[in-house]
Q: 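Take a look at this one; I'll ask things after.
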There are 4 protein chains.
Amino acid sequence: MSQRPSRKTFRPRKAPAQSRSEATVASIVEAAAQVLESEGFEGFNTNAVARRAGVSIGSLYQYFPGKDALTVALIHRESARFHEDASVALTKRSGKAALEYLIGAAVRQQLQRPMLARLLDIAEGRPALRDETAKGEMSELVGTIVGRAAPRHPRPDVAAHDLLAIVKGMVDAAGERGERDLDDLERRVRAAVFGYLARSGGA
Amino acid sequence: MSQRPSRKTFRPRKAPAQSRSEATVASIVEAAAQVLESEGFEGFNTNAVARRAGVSIGSLYQYFPGKDALTVALIHRESARFHEDASVALTKRSGKAALEYLIGAAVRQQLQRPMLARLLDIAEGRPALRDETAKGEMSELVGTIVGRAAPRHPRPDVAAHDLLAIVKGMVDAAGERGERDLDDLERRVRAAVFGYLARSGGA
Amino acid sequence: MSQRPSRKTFRPRKAPAQSRSEATVASIVEAAAQVLESEGFEGFNTNAVARRAGVSIGSLYQYFPGKDALTVALIHRESARFHEDASVALTKRSGKAALEYLIGAAVRQQLQRPMLARLLDIAEGRPALRDETAKGEMSELVGTIVGRAAPRHPRPDVAAHDLLAIVKGMVDAAGERGERDLDDLERRVRAAVFGYLARSGGA
Amino acid sequence: MSQRPSRKTFRPRKAPAQSRSEATVASIVEAAAQVLESEGFEGFNTNAVARRAGVSIGSLYQYFPGKDALTVALIHRESARFHEDASVALTKRSGKAALEYLIGAAVRQQLQRPMLARLLDIAEGRPALRDETAKGEMSELVGTIVGRAAPRHPRPDVAAHDLLAIVKGMVDAAGERGERDLDDLERRVRAAVFGYLARSGGA
DNA sequence: GATGAATGAGGATTCATTCAT
DNA sequence: CATGAATGAATCCTCATTCAT
């Protein structure tokens with residue numbers, strides 16, 4: 001038959017009480033990022049992460065209830081970055097400027113650790129992790145920005161989904177191909193985003 | 001024995017000369033598709049594929065040198081579909097019509113087996129399989145079409161990459177969200193594609 | 001939180017198709033018995049069982065879906081013995097003779113592999129395995145015999161439970177203490193059984 | 001470090017001289033009882049006990065040299081109860097009354113915390129703990145009582161063993177089945193005990 | 001060729017115990 | 001003394017792959 005994952009929590013197991021453990025937790029998360037980055041999903045296993053973090057496997061499990069919790073932590077870490085960027089974007093005067101800011105942030109972030117970003121995008125899609133990701137929030141945020149950038153758009157929420165998908169698709173592919181020219185990529189992403197908006201009713 | 005083969009060929013072990021083995025090979029590939037579709041990467045293992053195909057694990061290894069060969073075969077099968085579609089597209093009178101045809105095909109194909117298509121997109125990105133995929137060819141084909149649809153575009157090859165990424169990003173996300181409205185999705189993808197072309201120099 | 005065992009089956013994984021595997025299965029079960037006997041629950045682990053059986057750990061899991069399945073198989077093996085004995089007992093002319101036969105069988109069986117028998121009695125009580133044991137049947141069988149041996153007994157089913165408990169308690173304790181005098185033990189068990197029946201309403 | 005200590009003392013590490021530690025020790029033991037009761041052997045681990053007791057794992061090890069020491073302490077706690085009961089029983093005028101008193105006490109105690117009692121009976125049987133249990137004493141005490149209740153019995157010590165086994169067997173089984181009718185169970189145990197004595201030479 | 005039994009390295013996770021703070 | 005972070009041996013189990021029949 002199939003596997004029965006039995007609904008687990010991916011939340012950190014304990015809030016680190018001493019400062020010693022805060023460092024441990026952070027080092028584990030960064031180690032997870034590095035392992036994922038350099039070995040891909042194939043080599044992403046708890047022992048490797050613990051080793052790279054310089055802690056014992058036991059310590060890892062003291063803070064993360066399982067392998068997936070590592071991935072989730074990683075996803076949250078990146079989502080937080082996006083949220084910050086989006087918050088800043090929301091302060092921009094024009095909707096267009098907000099979108100442009102967000103695109104720039106996305107491109108920069110992606111090209112900084114291309115492999116990692118791409119793998120996390122993939123991980124986010126895993127059914128088991130679906131509930132743990134803040135996709136809804138992200139769409140909402142982008143929806144708000146779209147609402148400002150293209151006030152006449154009939155379905156800003158749908159546009160938000162699409163734009164997120166477009167940007168992710170483009171930057172992931174660029175990262176995969178090893179593109180390094182930030183400005184060029186950013187220009188092209190803008191073309192896609194504003195082109196889409198223009199043609200899908202945002203005029 | 002072990003589990004980590006260092007480097008191998010993914011070509012089918014034998015050219016199926018007789019029709020019997022041809023059928024066997026096809027059934028294994030389809031079984032692989034079904035397992036991938038219903039169980040995801042987690043449940044995608046050689047024994048499961050053999051079982052679903054109704055052949056012994058020994059036979060599977062008779063035709064495929066290893067697990068990855070299955071994935072590659074699957075990717076090739078889908079690429080073939082794309083090639084056909086692209087060939088048809090190339091017969092269209094106008095470049096615009098060609099692109100529209102291709103978009104329609106991509107959307108239809110994606111929404112037919114959304115999970116499968118998405119997982120294969122992911123698999124294609126695995127470094128180990130990179131060489132085996134015909135990404136180059138696909139880009140070339142699309143590049144040609146772009147060249148016709150937007151003759152003034154300064155970098156049709158770059159545009160081809162981007163368009164491929166945009167379409168994949170959008171339809172994968174749509175499939176993931178469970179969208180079922182083909183026409184609506186197709187319209188939006190067109191907006192993105194032609195919007196991008198218009199703004200990135202294709203006028 | 002607690003552990004979520006997720007309801008597993010303890011049934012053998014596959015019916016051995018070739019005669020080779022029949023032997024494997026048997027050797028695994030006997031190895032399980034021996035390991036349990038000599039190492040107790042502490043040392044009863046799948047690796048030890050596989051090693052003692054002279055098979056790989058993989059083979060063990062090919063036939064048994066998990067550790068508990070080994071225990072269940074062992075319990076079934078012993079229950080089968082009891083059923084045979086009970087069937088023979090049922091052919092006895094008098095109820096008293098039937099009971100005496102069953103007592104003798106129980107004593108003999110117990111003192112043959114005292115440690116094993118005791119540990120299996122314990123294992124039967126584990127909540128996780130409760131459903132897998134044929135305790136109900138055993139009680140019924142004994143209930144029938146009691147019904148013949150003490151026709152006036154007001155609650156033969158309760159008596160059956162009690163007698164089973166008495167016999168198990170006595171022979172387990174005897175085994176634990178290392179008693180070897182079969183006849184003496186059997187006499188004492190008879191005293192307990194018939195004494196109980198006489199005083200609990202079986203006259 | 002490791003997990004398999006070869007041989008150790010199970011005595012509490014320090015005689016709790018101050019009342020503070022006395023209370024701590026008692027709370028740990030009771031926590032052990034509760035964990036064993038609610039989680040079974042599976043969930044009976046030092047960390048869980050410490051948590052339930054509201055002390056740190058470090059403190060637990062301050063008072064108990066290891067996990068088994070907890071079990072031993074628990075067994076001793078219950079044995080003490082039995083000893084008290086037996087002492088009271090010894091004050092009874094007739095041997096019969098003494099036995100009846102003891103049976104009543106055993107039944108009551110068992111049905112109060114059925115799971116715990118059963119698990120401790122099992123734990124007592126573990127070879128590693130055998131030396132630590134006061135089984136000998138218990139048998140002696142019961143032997144004395146039997147000597148009074150059935151002065152003609154040829155082997156009061158053997159009878160003591162058997163009676164202990166009978167009572168344990170019956171009440172454990174009853175507890176396992178979830179019986180709650182104290183009086184009925186007590187009647188049946190008496191039937192077994194006195195029936196056994198009558199037939200095994202105590203007449 | 002086909003079969004499926006057997007293999008065993010690899011990876012996830014637990015938990016008794018120690019020891020720095 | 002108390003704390004709880006850290007440790008790592010031990011165990012369960014999976015699955016790619018081989019090979020005798």
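Remember, predicted model here, so these are calculated numbers, not experimental data. Here is the naming used below: chain letters follow the sequence lines, and residue numbers restart at 1 for every chain.
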Q: Looking at C/R113 and C/E30, is there a salt bridge between them, counting it only when a charged N and a carboxylate O are closer than 4.0 Å?
A: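 Salt bridge between C/E30 and C/R113, a charged N being under 4.0 Å from a carboxylate O: yes.
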Q: Could you state the CZ-P distance from A/F64 to E/dG11, rounded to the nearest angstrom?
A: 20 Å
Q: Less than 4.5 Å apart, side chain to side chain, heavy atoms only: is that true for A/S38 and A/R52?
A: yes
Q: Just wondering, do A/F64 and A/V72 contact through their side chains at under 4.5 Å, heavy atoms?
A: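 No, their side chains stay 4.5 Å or more apart.
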Q: Quick check on DNA chain F: between D/G54 and A/V55, whose nearest nucleotide comes earlier from the 5' end?
A: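 Its nearest nucleotide being more 5', the pick is D/G54.
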Q: Can a side chain N or O of D/T46 be found less than 4.0 Å away from OP1 or OP2 on E/dC15?
A: no
Q: Among C/H76, C/Q34, C/R77, which residue satisfies the side-chain contact (heavy atoms from CB on, under 4.5 Å) criterion with C/V29?
A: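 Testing C/V29 for a side-chain contact (heavy atoms from CB on, under 4.5 Å) against C/H76, C/Q34, C/R77 leaves exactly one candidate, C/R77.
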Q: Side chains of D/E124 and D/E78, heavy atoms from C-beta outward: is any pair under 4.5 Å?
A: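 No; the side chains remain at least 4.5 Å from each other.
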Q: Is D/S59 close enough to F/dT3 that one of its side-chain N or O atoms is under 4.0 Å from OP1 or OP2 there?
A: yes
Q: Can you tell me the distance, in whole Å, between the CD atom of D/E39 and the C1' atom of E/dT14?
A: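 So the CD-C1' distance, D/E39 to E/dT14, works out to 15 Å.
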Q: Please check the phosphate of E/dA6 (OP1 and OP2 only) for any side-chain N or O of C/T24 closer than 4.0 Å.
A: yes
Q: Please report, rounded to the nearest Å, how far the P atom of F/dC12 is from the CD atom of D/E42.
A: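 Computing the D/E42:CD to F/dC12:P distance gives 12 Å.
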Q: Need to verify one output field. Residue with the more 5' nearest nucleotide on DNA chain E, D/I57 or B/I57?
A: B/I57
Q: Check whether any side-chain nitrogen or oxygen of B/N45 sits under 4.0 Å from OP1 or OP2 of F/dT14, and answer yes or no.
A: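 No.
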Q: Please state how far atom CG in A/L70 lies from atom P in E/dA12, giving the value in whole angstrom units.
A: 10 Å
Q: OP1 or OP2 of F/dA10 versus the side-chain N and O atoms of C/N47: is any pair under 4.0 Å?
A: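 It does not, given that no N or O in the side chain of C/N47 lies less than 4.0 Å from OP1 or OP2 of F/dA10.
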Q: Start at the 5' end of DNA chain F and walk down; is the nucleotide closest to D/G58 or to C/F44 reached first?
A: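 This one resolves to D/G58.
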Q: F/dT14, OP1 or OP2 - any side-chain N/O from C/Y61 closer than 4.0 Å?
A: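 For F/dT14, OP1/OP2 do not have a side-chain N/O of C/Y61 under 4.0 Å.
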Q: Grab the CG-P distance between B/D68 and F/dC15 for me, whole Å please.
A: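 Interatomic distance, CG of B/D68 to P of F/dC15: 15 Å.
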Q: Does a side-chain N or O of B/S56 approach OP1 or OP2 of E/dG4 to a distance below 4.0 Å, or not?
A: no
Q: According to the Watson-Crick and G-U wobble definitions, with both distances under 3.5 Å, which nucleotide is paired to F/dA9?
A: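 Paired with F/dA9, as far as the under-3.5 Å criterion goes, is E/dT14.
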Q: Of the listed nucleotides (F/dA6, E/dA12, E/dT17), which one gets closest to any side-chain atom of D/K67?
A: E/dT17
Q: From CD of D/Q62 over to P of F/dG4, roughly how many Å is that when rounded to an integer?
A: 14 Å
Q: Which one is paired to F/dC19, where only Watson-Crick or G-U wobble pairs with both distances under 3.5 angstrom count?
A: E/dG4
Q: Roughly, in whole Å, what's the span from CD in A/E22 to P in F/dG4?
A: 15 Å
Q: May I ask you to check whether D/S59 and D/S56 show a side-chain donor-acceptor distance below 3.5 Å?
A: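 On atom types as modelled, these side chains qualify, holding a pair under 3.5 Å.
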Q: Specify the separation, in whole Å, of atom CZ of D/F41 and atom P of E/dA16.
A: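 That distance rounds to 13 Å.
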Q: Counting only side-chain N and O atoms of D/Y63, is one of them less than 4.0 Å from OP1 or OP2 of F/dC1?
A: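 False: D/Y63 side-chain N/O out of range (4.0 Å or more) of F/dC1 OP1/OP2.
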